[in-house]
Amino acid sequence: MTIWSRAIKQIYPVLRRARAQHHSEAALCAIVGHIKALSSLPVHLIDANFPRHQAFSLGIAAELGYLDDGGESARFAASFKSGGGAVPLVRIHDGEGGGIRRRAADEAVWLNVDAAGVDARLIKRLEVAQIRLLMWAADWKLHSERLLNGALAGWALFDFAIPGVPDSGYIAAIPEGVLHMEVGLQNAGNRAASRSTLSGDERRRCRVVCAESGLVAAGSVFDATPANRLVTDNVYPIEEIGNVSWLWVGPGPIARFAMGRVPLRASGICIEFASSELHPSLYPGLAFQVNGITVPHGYTARPDGSGSAAISFGSSQNDDCIVGVANKVGRTISETGRTLRACVDTIRFVN
């Protein structure tokens, strides 16, 4: 094998994975936008893929949740809260409660989740609660008998054709009890049943043709996530004035911020710190982690006490991103007893 052959063999899986991620991001933007445009009800999306959620980084409004597998990953997820550390993540499981409840009749609730985490018991509870499913899988052949021809046999199925995306990987499933509320999606669907070569589940699906994905163009700036939307642990209650929000890290020496799945074009993170008279004495002690590993950073201090930290992912970045903001230095405020370590304003991915 030549050097070029070895190089191509090594780089091909990387390119294929990058292409698949781009298609996944484009598909999610297009499909959610299309569902909202066709729905006669306000759409409430629950992204239950924590910590690999995508909705926030792609600018999609969503409630955040996780599938409770009863293991270490569930205990890890339970330690985080959204809304600037104020709102518990929605815990999705197949037992009583479990974050699955009949929502208001005047909204269409969709659960966005990896198909690998869906089973028959969960589907039954979703059906009773009248919650729609938006599932993703890299290869639906692995789930066809178990889900599409099995537990979802009584549901209406939709897949999606999106310009520039050969295979979105997404299938939408709607319980029979609320199908009459989704007339727009039904009218947009074309059932591909005439081709005898299709499998059983494919013959049952309606295909919806979406508009352009609306995915942010390469070179554009990612939207910053304000403090009141961050998913975090070990922070004091969110503080807000009008449209401006901020949060203080503390009392412990490190806070973790779950930023979700890293967008394909992102090469790092920028953390903005709010103006505070305490920062000049605090920022020299700042340190940062990505997925538990301390990483180098550049910090820019400003005269008004605000500042920003730039963190590069390097070549070892995983799909998901947990950013740690640490500071062994803290200032205890006598009036409140709070130990303050850093005041976070926004966090955003950067190209």
Side-chain angles (χ1 to χ4, degrees), residues 44-93 95 97-101 111-114 117 222-240 245-263 266 269-273 287-295 309 311 313 317-327 338-349:
H44 181 95
L45 180 68
I46 303 174
D47 187 342
N49 295 302
F50 179 91
R52 303 189 70 238
H53 51 285
Q54 286 184 281
F56 286 4
S57 64
L58 298 178
I60 299 172
E63 190 175 5
L64 199 59
Y66 64 97
L67 292 180
D68 186 353
D69 58 2
E72 184 61 34
S73 60
R75 287 188 286 273
F76 171 78
S79 67
F80 284 85
K81 293 183 178 181
S82 63
V87 182
L89 304 187
V90 179
R91 176 175 168 244
I92 305 294
H93 65 88
I100 303 171
R101 62 186 186 278
L111 183 70
N112 174 32
V113 68
D114 192 308
F222 292 99
D223 289 339
T225 303
N228 61 3
R229 291 192 62 204
L230 289 170
V231 183
T232 183
D233 66 356
N234 189 42
V235 296
Y236 287 106
I238 192 74
E239 299 176 60
E240 298 179 86
S245 61
W246 64 94
L247 55 80
W248 279 97
V249 173
I254 184 170
R256 297 176 298 177
F257 297 84
M259 300 304 296
R261 189 175 182 183
V262 179
I269 285 277
C270 178
I271 304 174
E272 291 288 341
F273 294 92
F288 300 90
Q289 296 179 353
V290 174
N291 296 335
I293 299 174
T294 300
V295 293
I311 302 167
F313 291 143
Q317 172 56 30
N318 297 326
D319 285 345
D320 51 277
C321 179
I322 307 288
V323 175
V325 177
N327 199 341
R338 301 196 307 172
T339 300
L340 308 179
R341 301 181 184 276
C343 189
V344 175
D345 183 6
T346 64
I347 302 179
R348 67 178 173 88
F349 290 105

For a side chain to side chain contact (heavy atoms under 4.5 Å, CB included) check, start with the C-alpha distance between Val113 and Leu67, then their side-chain angles and the critical distance, and finish with the verdict. CA-CA 8 Å; Val113 68; Leu67 292 180; 3.3 Å; yes
I'd like to know whether Phe288 forms a side chain to side chain contact (heavy atoms under 4.5 Å, CB included) with Asn327, so could you lay out the CA-CA distance, the side-chain angles of the two residues, the decisive distance to 0.1 Å, and finally the verdict. CA-CA 9 Å; Phe288 300 90; Asn327 199 341; over 6 Å; no
Side chain to side chain contact (heavy atoms under 4.5 Å, CB included), that's the test. Do Phe80 and Leu64 meet it? Break it down for me. CA-CA 10 Å; Phe80 284 85; Leu64 199 59; over 6 Å; no
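Using modelled atom types, no side-chain atom of Thr346 and backbone atom of Pro226 make a donor-acceptor pair closer than 3.5 Å. Looking only at distances, a side-chain donor or acceptor of Asp47 sits under 3.5 Å from a matching main-chain atom of Ala55. In this structure, Arg341 contributes its side chain and Gly252 its backbone to a donor-acceptor pair below 3.5 Å. When atom types are taken as modelled, the side chain of Asp223 and the backbone of Gly59 share no donor-acceptor pair closer than 3.5 angstrom. Within the 3.5 Å criterion, the main-chain N or O of Ala48 finds no donor-acceptor partner in the side chain of Asn112. A distance-only check finds no donor-acceptor pair linking the side chain of Asp320 to the backbone of Arg261 [under 3.5 Å]. In this structure, Asn228 contributes its side chain and Ser245 its backbone to no donor-acceptor pair below 3.5 Å.
The two residues Glu63 and His44 have their closest heavy-atom pair at OE1-NE2, 2.6 Å. The heavy-atom pair separating Cys321 from Val262 by the smallest distance is CB-CG2, 3.6 Å. Residue Trp246 comes nearest to Ala227 through the heavy atom pair CA-CB, 3.5 Å, listed as atom of the first residue, atom of the second, then distance. When all heavy atoms are compared, the tightest approach of Leu230 to Met259 is CD2-SD, 4.2 Å. When all heavy atoms are compared, the tightest approach of Gly84 to Thr232 is C-CG2, 4.0 Å. Minimum heavy-atom separation, Leu45 to Ala61: CB-O, 4.0 Å.
A distance of 4.5 Å separates CD1 in Ile347 from CD1 in Ile271, rounded to the nearest 0.5 Å. Separating the CG atom in Asn291 from the CZ atom in Phe313 is a distance of 8.5 Å, to the nearest 0.5 Å. For the atom pair Asp68 CG and Arg75 CZ, the distance stands at 9.5 Å (nearest 0.5 Å). For the atom pair CD1 (Ile46) and OH (Tyr66), the distance works out to 13.0 Å, reported to the nearest 0.5 Å. From Asn234, atom CG reaches atom CZ of Phe257 across 9.0 Å, with rounding to the nearest 0.5 Å. Rounded to the nearest 0.5 Å, atoms OH (Tyr236) and SG (Cys343) are 12.5 Å apart.
The aromatic rings of Phe50 and His53 lie parallel to each other, with less than 30° between the two planes, well short of the 60° mark.
Residues Gln289 and Ile254 form a side-chain contact, since some pair of their non-hydrogen atoms from C-beta on lies under 4.5 Å apart. Contact annotation: the side chain of Val344 approaches that of Phe273 to within less than 4.5 Å [non-hydrogen atoms, C-beta and beyond].
Classification of Glu239 and Arg338 as a salt-bridged pair holds, one side-chain N sitting under 4.0 Å from a carboxylate O.
Under the salt bridge (charged side-chain N to carboxylate O under 4.0 Å, His left out) criterion, Arg256 pairs with Asp233, sequence neighbours left out. The salt bridge (charged side-chain N to carboxylate O under 4.0 Å, His left out) check on Glu240 picks up nothing, with sequence neighbours excluded.
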